[in-house]
4 protein chains.
Amino acid sequence: MPPAKVPRWIRRPEERPQELLDAAIEVFSTNGYRATRLEQVAEAAGVTKGSIYYYFDSKEELLTQALQSRIGAIFGGIEGGGGGRRAEMPAADRLRAVLRSAWKHWCKPETARMHRLIMGELSIELPQLFDVAMRAGPMRVWQFVGEILRDGQKRGELGTHFDPHAAARFIVSGLMHQALLQTDLQERGLDDTPPDRIFETALEVLLHGILLAPAKRPTKKPPAAGRRRG
Amino acid sequence: MPPAKVPRWIRRPEERPQELLDAAIEVFSTNGYRATRLEQVAEAAGVTKGSIYYYFDSKEELLTQALQSRIGAIFGGIEGGGGGRRAEMPAADRLRAVLRSAWKHWCKPETARMHRLIMGELSIELPQLFDVAMRAGPMRVWQFVGEILRDGQKRGELGTHFDPHAAARFIVSGLMHQALLQTDLQERGLDDTPPDRIFETALEVLLHGILLAPAKRPTKKPPAAGRRRG
Amino acid sequence: MPPAKVPRWIRRPEERPQELLDAAIEVFSTNGYRATRLEQVAEAAGVTKGSIYYYFDSKEELLTQALQSRIGAIFGGIEGGGGGRRAEMPAADRLRAVLRSAWKHWCKPETARMHRLIMGELSIELPQLFDVAMRAGPMRVWQFVGEILRDGQKRGELGTHFDPHAAARFIVSGLMHQALLQTDLQERGLDDTPPDRIFETALEVLLHGILLAPAKRPTKKPPAAGRRRG
Amino acid sequence: MPPAKVPRWIRRPEERPQELLDAAIEVFSTNGYRATRLEQVAEAAGVTKGSIYYYFDSKEELLTQALQSRIGAIFGGIEGGGGGRRAEMPAADRLRAVLRSAWKHWCKPETARMHRLIMGELSIELPQLFDVAMRAGPMRVWQFVGEILRDGQKRGELGTHFDPHAAARFIVSGLMHQALLQTDLQERGLDDTPPDRIFETALEVLLHGILLAPAKRPTKKPPAAGRRRG
DNA sequence: TATGAATGAGATTTCATTCAT
DNA sequence: TATGAATGAAATCTCATTCAT
C-alpha cells in the first residue's frame, strides 16, 4: 500500500487572489495596515509570505486591490434598500428603508473595522484611494439620501426649511459614526445601548425634530433655510 | 500588539517634555502613529532622537502621554459653551450654544487629525487609552447634550417622543463625523460646502425634523414606520 | 560560493536546450550573472521559468553549460585566420592575419560582453570554469601567437631580442582589452576612435617598435599613420 | 573590585565611514558586488549590518562612495613615476619609468581585484560611475602616455610611423590586462611567468618592435634607457 | 514535456531602542 | 541633560528552486 501522498500544497490559481484579498481586508482592518505583517495575511490566507508576491507587487498594492475589491460591495446594495417600487412610496418610508438597510450594513463588525481602516490609515497612506472610497461610499449614500429628501420636498411631503444635501450629510454621518463606535464600544463593554434604539431614535428625531410639536413654538433664530408656517 | 498597558499619569520633568508631547501629537496625527518615525518627532521638537528616551520609555509611552496631555483640552471647554447662566436659558438655545462651540472646535484641522488618530490607530494600538479618550471626549459630550435634552423634556420645552440619550449620540456623531470629513475632503478639494451650512442645517433638522409640519403632531414615540399627521 | 564543481559535459536532450543556452549567454552577458533573474532568461528563450529546470539543475549549471557551449566558438576559428598555406607565409603576414581575425571577433559586441562576463563574475563564481575558459581562450591564442613568433625567430624573420611567449601575451592582451573597452566606451559615446586605427597602430608598433628606425627598414603594408623617410 | 567594564562597542564617528568604505572595496572586489551580502561588509569592518545604514543609504550608494574614495588613489600617482625632472629625460626613459610605476601598481592583488570589479559588474550596475572610473583611470593613463609619445616624436626621439594616441591605448591595455590576468592565473597556479619578464618584454617589443632589425640591433635586454640604433 | 503556482531561504532595508560620550 | 553612533530584531521584498498539474 503506497503512503497516501498528501501534497504539501495545492494549486488554486482561481481562488487564491480573492482569498488573499479577503484575508488582507480582514487582517488589515483588524490590526491596522502598518501594524500588520505580510506574514499574518499569508497565514490568514493559508499560504506563505512569498506567495503574496506572486500575485501582488507590494504591501501597498495588496491594500489597494483589497479595498478596491470591496468598495463596490461596501456601500453597494444600499440603494436597493427601498425595494422595487420605492419611487411610489412616501419619502419618509423610503428614507427609513434606505437608512435601515445602511445601518444594518454599517453595524456589521467587519464593515465597521474596514470603515475604521479607511477613515484612519487609508486617508493618510493612500489619499487617492481614500478619495475613491469616499466617493463610492459615504458621498454616494448621502447623495442618494439627499435626492430622496429633495424629492420629498418637491412632492410636498417634506418641509422646505432645510437644505436637503446638507441634511443628508448630517444624517448619514450620524449613523455611520454611531455604527463605527458601536462596534468598538460594545466589544469592550463600554456601551450596551441596543443598536436598534439608536437607529429608531435617530429616525424619530430626523423626522419630527426634538421640539415639542404643539400649535405654536418659540423658534429662535431660524437658520438659512426656508421657514414653514407663520 | 502591546499588552494593553494601564495609562500611567506619571510625568517626569516639567519643562521640555511638553514640547516633545506637542510635537508628538502633531506628527502622529498627521502621519499616523506607526508610520511616524521617532526621528520625525524629534526633529519637529528640535531635539534628537536619543533625547526622547530621556523623557519617555518608548514610542508607545510617548503616544500615551501626548494624548493624555491633550484629552482634557480636546473636549474640555465645550460645556462652557452656554456661558454662566446657561441653566436659565431655553434648552434649544443651550443646545445651539454647546453644539456650535463643539463644532467650531472639531473643525479645526489639528483637532480633526487627532480625532482621526484616535478613531483609527489608537483604538487598535492602545485600546485602554482609546477608552479613556472616548469617555473624556465624545461620550462626555453626548452625556452633556443628553442632559440638556432631558432637562428640556422635563421643562416641557422638548417633546418626549425621543430617547434623549440616544438622540444625543446621534447628534454628536453627526457633527463630529462631518467635522472630520470636512477637513479631509476640503483639503483635497472634494467638497466645498461651507461648514456653517452643515451646522445650521443640522440644527434646524434637529429642532424641527424634516417633515412638513401639520397642525398638530403625535407626541409619543412612533417605533415602526414614520407616519405623519394624525 | 559554490564548491568549485568540475564542469560536466553532459548535455541532456538535443533540441530546445540550445535555445536556452543561447538566451542564457545573451542575458547573462548583458546584465551580469547574479543580476540576471532566471525569469529573464526564460523569457528571452520563449519558455517559462520552470522549464529551465527541466533541462538544467540550477542557475549555475545553466551558466556553466552556456559558456561551455560557446567556449569553442569564442576563440575557435582564430587559428584559421591565416588560411590553408599559412606555414609558408612570412611570420609578419601570418601574425597580421591571425590578429586581424581575432580582433574582428573580439570587437563584436556580444563577444565583448561575454568577455566581460568571463573576466568579471565568472572568475569569482566559477573559478574552475574560468580556468577552462582561459585555457580555451586567451591562453590558446597567445600560445598560438607565441609559436608564430618563435617560428619567425627561427626562420630569421624576427629578432631574437624578445621572449616570444611573453611578447605574445602582451600583444594579445593589448588587443583583447582594447576590444573590450571599445564596446563599452563607444556604446556610451566616450570614445570615437575607429577600431581599425587601433588595430593598425598596434600592429605597426608591434612590428617596428616606436623608436626612430636607424637606416631603412622593410616595412610591410604601411598603415594609415605617417610614413617616415624613403 | 568592579568588573572591568568592557564596552560592547565604541564610538568612532571619525574613522567609521572610511573603515566601511575600505571594507566595502575589499569585500566587493573579492566576492563581487551582487554576490556580497552587506553583512559581510559589516563584519569586515567590525560593525553590524545596521550601522552601514547609518552612514550610507543603500548598498549601491556604498559601492559608489567606496569606489569614488579610491578612484583618485587608483591611478593617481602614476604620472609621478618619472620623478621631478622627467621632462628633460629621453622619451624612452620617461615611458619606462611611467609604465613601470603603473605596472607595479596594477599588479597588486587588491588593485587587480578592484579593476576586475570595475570592468565587470560596475560597467553594468553603475554605468555612470564606470565612466568616471574610466576617465580617471585607464583613459588618463593612456592620455599621459600618448603625450610622452607625441613629445618624443616632436623631439625626434621616436618615429612618426605610428599614431601616438592609439599606440598609447594599445600599450596601456596590454599591461593592464596582463596585470589583471596575472593575479588570477598565478593565484590559481595556472601561470608562473615572472611578472617582470612580461613587463620587460613588453617594453622591449614596444621600443624596438619584433622584426629583425636591418643592420644590427642590440640583442640583450636593455634594462635602462632606450637607446636607438647602434 | 511544459507550465506556473507556491515555497522558503535569504537579502536589503527600517527603525525603535540602547548606550558610550 | 543631551547627543548621535551603534545595535538588533523584524519587516519588506526577491528569487532560485520545487512540485502539482
Side-chain angles (χ1 to χ4, degrees), chain A residues 5-17 20 34-42 45-62, chain B residues 13 15-16 34-42 46-62, chain C residues 12-13 15-16 34-42 46-62, chain D residues 5-17 34-42 45-62:
Chain A
K5 237 194 281 179
V6 54
R8 292 197 297 163
W9 47 267
I10 52 176
R11 290 163 66 105
R12 300 171 55 219
E14 301 308 325
E15 301 86 356
R16 263 324 166 221
L20 281 169
R34 290 275 186 165
T36 296
R37 277 166 297 135
L38 244 10
E39 210 163 16
Q40 294 175 273
V41 176
V47 297
T48 59
K49 222 175 9 172
S51 291
I52 294 178
Y53 284 89
Y54 184 75
Y55 292 102
F56 306 97
D57 285 342
S58 65
K59 189 182 183 183
E60 191 175 304
E61 181 66 14
L62 178 60
Chain B
E15 316 77 28
R16 304 304 156 67
R34 290 274 186 166
T36 295
R37 273 167 299 136
L38 245 12
E39 213 161 17
Q40 295 175 269
V41 176
V47 297
T48 58
K49 202 168 38 160
S51 298
I52 293 177
Y53 283 85
Y54 188 79
Y55 295 103
F56 306 96
D57 287 343
S58 65
K59 189 183 184 183
E60 192 177 305
E61 181 67 14
L62 176 60
Chain C
R12 268 172 295 177
E15 315 78 28
R16 305 303 156 67
R34 290 274 185 166
T36 295
R37 273 167 301 137
L38 245 13
E39 213 161 16
Q40 295 174 270
V41 175
V47 298
T48 59
K49 202 168 38 160
S51 298
I52 294 178
Y53 283 86
Y54 187 80
Y55 294 103
F56 306 96
D57 288 342
S58 65
K59 189 183 182 183
E60 192 177 303
E61 180 68 14
L62 177 60
Chain D
K5 234 194 285 178
V6 54
R8 292 197 298 164
W9 46 267
I10 53 174
R11 291 163 65 105
R12 302 173 52 221
E14 301 306 327
E15 301 86 357
R16 257 338 158 214
R34 290 275 186 167
T36 296
R37 276 165 298 134
L38 246 8
E39 210 163 15
Q40 295 175 273
V41 176
V47 297
T48 58
K49 224 176 5 174
S51 292
I52 293 178
Y53 285 88
Y54 184 76
Y55 293 102
F56 306 97
D57 286 342
S58 66
K59 189 182 183 183
E60 191 175 305
E61 181 67 14
L62 177 61

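Naming: A, B, ... by sequence-line order, numbering from 1 per chain.
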Not counting sequence neighbours, which residues clear side-chain hydrogen bond (donor to acceptor under 3.5 Å, both in side chains) with D/Arg37? List them please. none

B/Glu61 atom CD is separated from E/dA16 atom P, nearest whole Å, by 16 Å

5'-to-3' dot-bracket of DNA chain F (Watson-Crick, G-U; under 3.5 angstrom; crossing pairs as [ ]; | other strand): .||||||||||||||||||||

For A/Arg12 and E/dT7, what is the distance between atoms CZ and P respectively, to the nearest whole Å? 11 Å

Of C/Val47 and D/Trp9, the one whose nearest nucleotide on DNA chain E sits closer to the 5' end is C/Val47

Spell out protein contact along nucleotides 10-15 of chain E as letters: B when the base is contacted, S when just the sugar-phosphate is, - when no protein heavy atom is under 4.0 Å; keep the 5' to 3' order. BSBBBS

When rounded to whole Å, the CD1 to C1' distance for the pair A/Ile52 and E/dG8 reads 14 Å

Start with the C-alpha distance between B/Leu62 and B/Tyr55, add both sets of side-chain angles, then the distance that settles side-chain contact (heavy atoms from CB on, under 4.5 Å), and finish with yes or no. CA-CA 9 Å; B/Leu62 176 60; B/Tyr55 295 103; over 6 Å; no

Minimal heavy-atom distance between D/Arg16 and D/Ile10, with the atoms involved, is NH2-O, 3.2 Å

B/Ala42 and B/Thr48: which non-hydrogen atoms are nearest, and at how many Å? CB-C, 3.6 Å

Would you indicate whether A/Glu39, at its atom CD, is surrounded by more than 12 heavy atoms from other residues, nucleotides or ligands within a distance under 6.0 Å? no

Would you kindly give the CZ-to-P distance between A/Arg16 and F/dA20, to the nearest whole Å? 14 Å

Just so I know, are the side chains of A/Val47 and A/Trp9 near enough to count as touching, which here means a heavy-atom distance under 4.5 Å? no

Euclidean distance, atom CG of residue C/Leu62 to atom P of F/dC15 [Å, nearest integer]: 16 Å

Between A/Leu20 and A/Ala45, the two heavy atoms sitting closest are CD2-CB, 3.6 Å

Any B/Tyr54 side-chain N or O less than 4.0 Å from OP1/OP2 of F/dT1: yes

Do you know which two heavy atoms are closest between C/Ala35 and C/Gln40, and how far apart they sit? O-OE1, 3.8 Å

Does B/Lys59 reach the main-chain N or O of B/Thr36 with its side chain, forming a donor-acceptor pair under 3.5 Å? yes

Could you check A/Ile10 against B/Gly46 and say which one's nearest nucleotide on DNA chain F is further toward the 5' end? B/Gly46

Could you work out which one of F/dG4, E/dT3, E/dA6 sits closest to the side chain of A/Tyr55? E/dA6

